[in-house]
Amino acid sequence: MLAELLQGHYNKNIADHLGITQRTVEFHRANIFEKLKVQSAVELAHRMGRLGGSGSGG
């Protein structure tokens with residue numbers, strides 16, 4: 001699921017691909033954001049070093 005979030009997939013697409021409900025994706029997405037202290041998928045990608053830069057926080 002994390003890879004799909006980083007690729008910018010919509011929750012519905014992730015749910016369909018994994019065979020789970022969209023609500024379950026939303027639940028896990030919120031937990032991932034909370035644990036990694038990010039507010040968006042773009043910020044998550046930066047944190048994971050996927051959008052250029054060094055990936056280190058500032």
What's the separation between atom CD in Glu34 and atom CD in Gln39, rounded to the nearest 0.5 Å?
10.0 Å
Between side-chain atoms of residues 19-26 and protein atoms elsewhere (two or more places apart, or another chain), which donor-acceptor pairs fall under 3.5 Å?
residue	atom	partner	partner atom	Å
Thr21	OG1	Thr24	N	3.1
Thr21	OG1	Thr24	OG1	2.8

Mind checking whether Phe33 and Leu18 sit in one hydrophobic cluster, side chains of I, L, V, M, F, W, Y counted as touching below 4.5 Å?
yes
Can you tell me how far CG of Leu2 sits from CD of Gln7, rounded to the nearest 0.5 angstrom?
10.0 Å
Nearest 0.5 Å please: distance from the CE atom of Met48 over to the CG atom of Leu5.
10.5 Å
Mind listing the closest non-hydrogen atom pair of Leu36 and Arg47 along with its distance?
O-CZ, 3.4 Å
When rounded to the nearest 0.5 angstrom, what distance separates CG in Asn11 from CE in Met1?
7.0 Å
Nearest 0.5 Å, please: how far is NE2 in His9 from NE2 in His17?
8.5 Å
Please determine whether residues Val42 and Tyr10 belong to a single hydrophobic cluster, defined as Ile, Leu, Val, Met, Phe, Trp and Tyr linked transitively by side-chain heavy-atom distances below 4.5 Å.
no
Considering only residues two or more places apart or on different chains, which pairs with a residue in residues 7-20 satisfy salt bridge (charged side-chain N to carboxylate O under 4.0 Å, His left out)?
Lys12-Asp16
Just verifying a value: how many Å separate Ser40 OG and His46 NE2, rounded to the nearest 0.5 Å?
8.0 Å
Could you tell me which residues satisfy side-chain hydrogen bond (donor to acceptor under 3.5 Å, both in side chains) with His28, sequence neighbours excluded, listed by chain and number?
none
